[in-house]
A.B. asks: 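The structure is given below, and queries will be raised subsequently.
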Amino acid sequence: MPTEHLFIDGALAAADMARRITVVLGDAIAARGVATIALSGGRSPRPVLEALSDAALDWEKVVVTLVDERWVAPDHADSNERLVRETLLRGEAARARFVPMKNGAADAYAGQAACEAGFAALPWPLDIVLLGMGEDGHTASLFPQAKELAEGLSTSALTLTVTPPAAPHQRMSLSAHAILKSRHIFLQIGGAAKKAVYDRALAGGPVKELPIRVALCQHQVSVEVWISE
Ligand SMILES: O=C1O[C@H](COP(=O)(O)O)[C@@H](O)[C@H](O)[C@H]1O
C-alpha cells in the first residue's frame, strides 16, 4: 500500500511534496554525489515545481528529466519541457542538468532512438519519479485504450512512443519498467474525481483499464501519494 499524505488544500499538499522532494534529493547528493528526478507534465506539478525551485540544494548535482513529453516545440504551450523551464529551472535551480525527451526529429517515432539513448545514459535508478494521473487512470503517457499500452507495460526499454487515443500530440513516455526502476515514486492526486479513480485503482482490476495500477500495485519501489481536495 502507498503511504498517503492527506491535505485539505492543494497548495499545502504542493508545499509538503516540495519539502519531501528536497529531502530525498539532498540525501541522494550526500550519498552518491548526484540526484535524479523525472517530472510529469500537465497542471498538477506547477505549484510543486515553483516551490521546489527555491530549495537549498546543490543544484549542479541534480539531473532533471521528464516522465513524459508531448512532441511539440519546447516553447509550445503544451510542452512539458517548457513547464519545467518556466517553473523549476529558475534562479539557482537553473544550474541543474536538464535532459529533454523531445529532440530535433520530425516526429516522436523518428526521435525514439535518440530519446532512449539519452535515458540510457542517465544514472539509474532515478531517485524520484513524480507521477500525475488523468481521470481516465493514465499515468505518464500510458493511456488506457492506447495501442502502445501493452508495449509500455512489458518492454524492457526505458521509453516508448505513444499516440494517445483521445488526447493531443504524439508523446514520449517512460515505460512501466523505467517507472519501477526508481528509488521513490511520488504521486499527486488532486480533487474528488481523481481521488475516486485512485480508490478504484487500489481496489483492483486490470492494469490496462487503469494504468496507474502499475505504480500503485507492486512491491518493487516505495510509493508516496499526496492527496488533496
Ligand atoms: O497528459 C498528461 O496528463 C497527466 C495528468 O495531468 P493533469 O493536468 O491532470 O495534472 C500528467 O501526469 C502527464 O504527465 C501529462 O502528460
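For clarity, every value in this text was computed on a predicted model and none was experimentally measured. First listed ligand is number 1; within each ligand, the first listed atom is number 1.
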A.B. asks: Inspect the contact between D16 and R20 and indicate whether a charged nitrogen and a carboxylate oxygen are less than 4.0 angstrom apart.
C.D. replies: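 Judged by the 4.0 Å cut-off on N to carboxylate O distance, R20 and D16 do not form a salt bridge.
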
A.B. asks: Report the residues that fulfil side-chain hydrogen bond (donor to acceptor under 3.5 Å, both in side chains) with Q145, sequence neighbours left out, ordered by chain and then residue number.
C.D. replies: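 In terms of side-chain hydrogen bond (donor to acceptor under 3.5 Å, both in side chains), with neighbours along the sequence ignored, Q145 is linked to no residue.
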
A.B. asks: Report the residues that fulfil side-chain hydrogen bond (donor to acceptor under 3.5 Å, both in side chains) with E116, sequence neighbours left out, ordered by chain and then residue number.
C.D. replies: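 E116 satisfies side-chain hydrogen bond (donor to acceptor under 3.5 Å, both in side chains) with T159 once adjacent residues are dropped.
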
A.B. asks: Heavy-atom cut-off of under 4.0 Å around ligand 1: list whichever protein residues fall inside it, by chain and number.
C.D. replies: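 Contacting ligand 1 under 4.0 Å are S40, G41, G42, R43, S44, D68, R70, N80, G132, M133, H138, A140, R171, K194.
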
A.B. asks: Checking K61 now: which residues fulfil salt bridge (charged side-chain N to carboxylate O under 4.0 Å, His left out) with it, not counting sequence neighbours?
C.D. replies: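 K61: salt bridge (charged side-chain N to carboxylate O under 4.0 Å, His left out) contacts with D58.
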
A.B. asks: Evaluate the side-chain hydrogen bond (donor to acceptor under 3.5 Å, both in side chains) criterion for residues Q112 and T161: first the C-alpha distance (whole Å), next the side-chain angles of each, then the deciding distance (0.1 Å), finally the verdict.
C.D. replies: CA-CA 7 Å; Q112 161 64 30; T161 309; 3.1 Å; yes

A.B. asks: For F119 and W124, take the angle between the two ring planes, folded into 0 to 90°, and tell me which bin it lands in: parallel under 30, tilted 30 to 60, perpendicular over 60.
C.D. replies: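 F119 and W124: tilted rings.
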
